Amino acid sequence: MEALLNEGVDTIFGYPGGSIIPVFDALYDYTDKFHYVLTRHEQGATHAAQGYARISGKPGVCIVTSGPGATNTITGIADAMLDSTPLIVITGQVNNTMLGTDAFQETDLIGITLPISKWSYQIRDPKEIAFAVAKAFYIANTGRPGPVVLDITKTAQTESVDFKPEKCDFIRSYIPKSTIDTESIDNAAAIINSAKKPMALVGHGVTIGEAESELMAFLDKADIPAAWTIMGESAMPTDYRLNKGMVGMHGNIAPNIKTNECDVLIAIGMRFADRVTGDLKRYAKNAKIIHLEIDPAEINKNVKCDVALLGNVKQTLPALTAKLNKQEHTQWINSFAEYETKEKERVIDKELHPTQCESLKMGEVVRTVSDATGSDAILVTDVGQNQMAALRYFRFKSKRSVVTSGGAGTMGFGIPAAIGAKIAAPKRTVCLFCGDGGFQMTMQELGTIIQEKTGVKMILLNNNYLGMVRQQQELFFSRRYSSTPMLNPDFCAVAKAYGIATSHVTKREELSGAVNDMLQDDKPYLLVVEIEENGLVLPMVPPGKGNDDIII
């Protein structure tokens, strides 16, 4: 507890058990120092800690027991690793003398988590605790952030030691901060200054590095249109003049097409994931690639770049901006309008203002909620059609306003992540969009919501299907809906059983009033909205295809 206080921890998520009881016993004496959140499942603890970390910018902390308690954290650890979220997972372990004996609830957590964490370490001696905790926070929160696992044997938890606070700010062979290469800055600036059709891709690194203002200064000076990955959303306000929307499988037409037309592509804090690039053999073949990235392992991993700028974009972006000429790319920027108009007429208008469909559409529900919050809420999503619709149609004014599962695509992420986000920003409205499938994966966390009185606004888009899988079955598998129809419970009755206010919308004319009722106070609320069963999230780049093959 003292080691955690020494790192500035104020919130802990977790679930107790036999092998971690001594730690929870100590926590009993620190209730005035920590806000402890008892989740209803260890996976929920990790996702809640992720939501807290993504909004607060501080590492999320969760403490669980050994064996199944520890293995239940694996999904959250893997999710945090892929999405560069600082997470400290502390687990209990059996006594030193019982290690390797297949004792009750013994699991080799270090062996399991080494491939999906920045550092995994087993503490067997209490003398190690202070420095191991300090080292864990240093690793988790420096360079490219990520999860760290500390597995503490019961022996180390119960023996005595004189505690001395320790700090860690250096580890031999671990170099989280790169020195800016001035030659690379000069080379990148020369390429951008001579570009006729430059384009920027904005990723999660901008938010992690708190470089939103530096990004805007860069884009404004060089007059460069920019698109965002799903992890980079809210790094720019929605109505910013150079914000051209989302790239990727369900991104906007214009930035997807223009990626293959631009002559210079500047990737800022993103990793060229397959959902962004599509077929790599056809990706951005007309462009010189400039990659601003903190993690050397990402350079040339998927897309070969012409210039790499290693380092935190908080430092590399201003250094690059200083070398740029003031530019105007009016004709190039205006060329996006043709595709924007096509998408508006063929997709967006039909989604936001349907005239031929009696059933509610995902997009109109998302935009109604966004408008009612003044486009200044925190958006949390689960995974699936609800996620893509929410990311496409929610609007933003403020930075650090999106929490979603990107690299792992973890169904069940939404409810616990929203709890963590709301605890990190209690004065902000937190709107969670879920599908009926993902909601049921972690709906036991409604118990956490009522115990914590966490005022999360949950919008359940119910189409009685596993919608994203059903969409691919419709488009690519001859409408063979194998294992995707769902017989669902009465979600409102479930919410009422937990003492959570709720309403059920089936008609368009009910939607606005129900949303206003949901937002009238800061108490938890579940709004269940019946949407069309066969709705599609479009545009869509088919799996394995190029971005030019986008379906509208």
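All values derive from a computational prediction rather than experimental measurement.
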Which atom names give the shortest non-hydrogen contact between [X] and [Y], and what distance separates them?
X      : Y      : result
Ala217 : Thr321 : O-CG2, 4.0 Å
Thr381 : Leu379 : CG2-CG, 3.9 Å
Ser234 : Arg400 : OG-N, 3.6 Å
Phe413 : Asp382 : N-OD1, 3.3 Å
Val202 : Ala235 : CG1-CB, 3.9 Å
Arg428 : Lys399 : NH1-O, 3.7 Å

*Taking it one step at a time, do Arg392 and Glu351 satisfy salt bridge (charged side-chain N to carboxylate O under 4.0 Å, His left out)?*
CA-CA 11 Å; Arg392 282 180 55 81; Glu351 188 72 17; over 6 Å; no
Is the closest side-chain donor-acceptor distance between [X] and [Y] under 3.5 Å?
X      : Y      : value
His504 : Glu530 : yes
Glu298 : His291 : no
Arg395 : Ser370 : no
Asn534 : Glu474 : no
Thr46  : Thr73  : no
Gln387 : Thr404 : yes

Donor-acceptor pair, distance only, cut-off 3.5 Å: does the side chain of [X] make one with the backbone of [Y]?
X      : Y      : answer
Asn243 : Pro237 : yes
Lys118 : Arg144 : yes
Asp83  : Gly406 : yes

*Under the side-chain contact (heavy atoms from CB on, under 4.5 Å) rule, collect the residues that match up with Met441, sequence neighbours excluded.*
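Expected list: Met411.
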*Could you walk me through whether Asn547 and Thr259 pass the side chain to side chain donor-acceptor pair (under 3.5 Å) check?*
CA-CA 8 Å; Asn547 289 342; Thr259 299; 5.1 Å; no
*Is the Lys NZ or Arg CZ of Lys258 less than 6.0 Å from the centre of Phe336's six-membered ring, within 45° of the axis?*
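So Lys258 does make the cation-pi contact.
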*Mind checking ring-ring contact (aromatic ring centres under 6.0 Å, His included) for Tyr498 and listing every partner two or more places apart, or none if nothing turns up?*
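For Tyr498, no residue satisfies ring-ring contact (aromatic ring centres under 6.0 Å, His included) once neighbours in sequence are set aside.
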